[in-house]
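Contents: one structure, followed by commentary.
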Amino acid sequence: MGSVVDAANKEVNGTASGKKPTVIFVLGGPGSGKGTQCAYIVEHFGYTHLSAGDLLRAEIKSGSENGTMIQNMIKEGKIVPSEVTIKLLQKAIQDNGNDKFLIDGFPRNEENRAAFEKVTEIEPKFVLFFDCPEEEMERRLLGRNQGREDDNIETIRKRFKVFLESSLPVIQYYEAKGKVRKIHAAKPIEDVFQEVKAVFSPDAEKVKTNSCAIL
Ligand SMILES: Nc1ncnc2c1ncn2[C@@H]1O[C@H](COP(=O)(O)OP(=O)(O)OP(=O)(O)O)[C@@H](O)[C@H]1O
Ligand SMILES: Nc1ccn([C@@H]2O[C@H](COP(=O)(O)O)[C@@H](O)[C@H]2O)c(=O)n1
Ligand SMILES: [Mg+2]
């Protein structure tokens, strides 16, 4: 059980340790492979994965008063008001013992970005951006078979439009700040992860490259 001091620290900074958490935003179009790659990053680098979409879907299942509104937004591929999503993210961070997080599928638009920055005062360490052509993303989503209500061609098209119009500008915002690490995502899962690994462990990768050069 947390102490009064832990509770006060959470209130101010977001984690029980009193430190601001390290946050990496994981962005990319629908079906670009964000969730798949996050699972590997968790395994290799000890981050906690928080998917904004998963948190919203769990909120629907919990029978929350916002459930119907969220469900309708997701069916239409629309972006849920930041206030709702940020509360869910903050709670997930506070309830977790870890101090480093992959926030997947957030910020999805300028409103998400600005509100998160204002409320949490957290700046992402960097933004991992999975770049994938639309035809490949469409193929993956139509083959995903996880029973998601938004994995149908009509909603997929709406999600692509929202990605281009609202989410890409957020990536461009971070690009201008030198924070984007672009990953070529239209490759087999293992090959994509090789590229991701180089972002998370640049020193280790350098050692590998150097030792190859010597050989
Ligand atoms: N590199 C890849 N090559 C082929 N299939 C992939 C690759 N990465 C992921 N997939 C598959 O594509 C589908 C979508 O992947 P995933 O759920 O990771 O995407 P996402 O970016 O999280 O999508 P969303 O934004 O809809 O949550 C899954 O069925 C997954 O197994
Ligand atoms: N910041 C966010 C993230 C997601 N949504 C809604 O959830 C849908 C599914 O998201 P995935 O990341 O799991 O694909 C998305 O299309 C939005 O409707 C959101 O509103 N805000
Ligand atoms: Mg996902």
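Order of listing sets the numbers, starting from 1, for every ligand and every atom in it.
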Any chance you could lay out the salt bridge (charged side-chain N to carboxylate O under 4.0 Å, His left out) test for E136 and R140, step after step, and finish with the verdict? CA-CA 6 Å; E136 173 64 12; R140 290 180 189 176; 2.8 Å; yes

Could you check atom 25 (O) of ligand 1 against the protein and tell me its nearest heavy-atom contact, residue, atom and distance included? K34 NZ, 2.7 Å

Is any side-chain heavy atom of F25 closer than 4.5 Å to one of P124? yes

I79 neighbourhood, listing ligand 2 atoms whose heavy-atom distance to it stays under 4.0 Å: 20 (O), 21 (N)

Are the side chains of F106 and I86 in touch, meaning some heavy atoms are under 4.5 Å apart? yes

Could you tell me if the side chain of F126 sits less than 4.5 Å from the side chain of V180, heavy atoms only? no

the protein heavy atom lying closest to atom 23 (O) of ligand 1 turns out to be G31 N, 3.0 Å

Checking K187 against E195 for the salt bridge (charged side-chain N to carboxylate O under 4.0 Å, His left out) test, could you report, in this order, the C-alpha distance in whole Å, the side-chain angles of both residues, the deciding distance, and whether it holds? CA-CA 10 Å; K187 299 184 289 195; E195 216 178 305; 2.3 Å; yes

Are L141 and V26 connected in the hydrophobic side-chain network, where two residues link if heavy atoms are under 4.5 Å apart? no

Interfacing atoms of ligand 2 (cut-off 4.0 Å, heavy-atom, G53): 10 (O), 13 (O)

Please verify whether a non-hydrogen atom of G28 lies at under 4.0 Å from ligand 1. no

Is there a donor-acceptor contact under 3.5 Å linking the side chains of S166 and N109? no

Close-contact set for ligand 2 against A52 heavy atoms, below 4.0 Å: 1 (N), 3 (C)

For K100, does the NZ atom have more than 12 heavy-atom neighbours from other residues, nucleotides or ligands under 6.0 Å away? yes

Hey, does F101 have a side-chain heavy atom less than 4.5 Å from the side chain of L89? no

Without hydrogens or angle criteria, can the side chains of D104 and H49 be said to hold a donor-acceptor pair below 3.5 Å? yes

Would you mind checking which non-hydrogen protein atom is closest to atom 19 (O) of ligand 1, with the distance to 0.1 Å? G33 N, 3.3 Å

Nearest protein heavy atom to atom 6 (C) of ligand 2, by residue and atom, and its distance? L56 CD1, 3.7 Å

State the atoms of ligand 1, each with its element, that fall below the 4.0 Å cut-off from a heavy-atom position in K187. 1 (N), 2 (C), 3 (N)

Any side-chain heavy-atom pair from V192 and Q37 closer than 4.5 angstrom? yes

Are any non-hydrogen side-chain atoms of R159 and D151 less than 4.5 angstrom apart? yes

Please determine whether salt bridge (charged side-chain N to carboxylate O under 4.0 Å, His left out) holds for the pair K177 and E123, giving the CA-CA distance in whole Å, both sets of side-chain angles, and the decisive distance to 0.1 Å. CA-CA 11 Å; K177 296 181 115 194; E123 257 285 306; 3.3 Å; yes

So is R159 touching ligand 1 or not, going by heavy atoms under 4.0 Å? yes

Do F200 and Y40 have ring centroids that are under 6.0 Å from one another? no

Can you check whether G143 has an N/O within less than 3.5 Å of an N/O in ligand 1? no

For D150, the ligand 2 atoms with a heavy-atom partner under 4.0 Å come out as 9 (C)

What class does the angle between the rings of F45 and F193 fall in, given that below 30° is parallel, 30 to 60° is tilted and above 60° is perpendicular? tilted

Considering only heavy atoms, does D54 approach ligand 2 within less than 4.0 Å through its side chain, its backbone, both, or neither? neither

Quick test: of every protein heavy atom, which one is nearest to atom 27 (O) of ligand 1, and how far off is it to 0.1 Å? R148 NH1, 3.1 Å

4.5 Å side-chain heavy-atom contact, V42 and T48: no

Pairs of nitrogen or oxygen atoms closer than 3.5 Å, one from R139 and one from ligand 1: do any exist? no

Among all protein non-hydrogen atoms, which one is nearest to atom 5 (N) of ligand 1, and what is the separation to 0.1 Å? R140 NE, 3.6 Å

State the atoms of ligand 2, each with its element, that fall below the 4.0 Å cut-off from a heavy-atom position in N112. 1 (N)

Protein contact to atom 28 (C) of ligand 1 [nearest heavy atom, distance to 0.1 Å]: R144 CD, 3.9 Å

Closest to atom 8 (C) of ligand 2 among protein heavy atoms sits I74 CG1, 4.0 Å

Which atoms of ligand 1 sit under 4.0 Å from any heavy atom of L141? 26 (O)

Between I189, D54, V192, which one has a non-hydrogen atom sitting closest to atom 8 (N) of ligand 1? I189

A student comparing K34, R148, K158 should find that the heavy atom closest to atom 14 (O) of ligand 2 comes from R148

Go through ligand 1 atom by atom and flag the ones less than 4.0 Å from a non-hydrogen atom of S32. 21 (O)

Under a 4.0 angstrom heavy-atom cut-off, which atoms of ligand 2 come close to R159? 14 (O)

Under 4.0 Å from any heavy atom of P30, which atoms of ligand 1 are there? 25 (O)

With a 4.0 Å cut-off on heavy atoms, is Q146 in contact with ligand 1? no

Give the numbers and elements of all ligand 1 atoms closer than 4.0 Å to a heavy atom of P188. 1 (N)

Please confirm whether G105 comes within less than 3.5 Å of ligand 2 when only nitrogen or oxygen atoms on both sides are compared. yes

Report yes if some N/O of D104 lies less than 3.5 Å from some N/O of ligand 2; otherwise report no. no

Does any non-hydrogen side-chain atom of Y173 lie less than 4.5 Å from one of R113? yes

Heavy atom of the protein closest to atom 17 (C) of ligand 2 (residue, atom name, distance): K78 O, 3.3 Å

Identify which of M73, R113, R57, R108 has a heavy atom lying nearest to atom 13 (O) of ligand 2. R57

When only distance counts, is D151 in polar contact with ligand 1, meaning an N/O pair under 3.5 Å? no

For atom 20 (O) of ligand 2, tell me which residue out of L89, V80, L88 has the closest non-hydrogen atom. V80

Under 4.0 Å from ligand 2, counting heavy atoms only, is it the side chain of V162, its backbone, both or neither? neither

In terms of side-chain geometry, is the basic nitrogen of E135 or R139 positioned less than 4.0 Å from the acidic oxygen of its partner? no

Around atom CD of E117, are there more than 12 heavy atoms from other residues, nucleotides or ligands closer than 6.0 Å? yes

Among all protein heavy atoms, pick the one closest to atom 30 (C) of ligand 1 and tell me residue, atom and distance. T36 OG1, 3.7 Å

Linking I/L/V/M/F/W/Y whenever any side-chain heavy atoms sit under 4.5 Å apart, do L56 and V170 land together? yes

Please report which non-hydrogen protein atom sits nearest to atom 22 (O) of ligand 1, along with the residue it belongs to and the distance in Å to one decimal place. G35 N, 3.0 Å

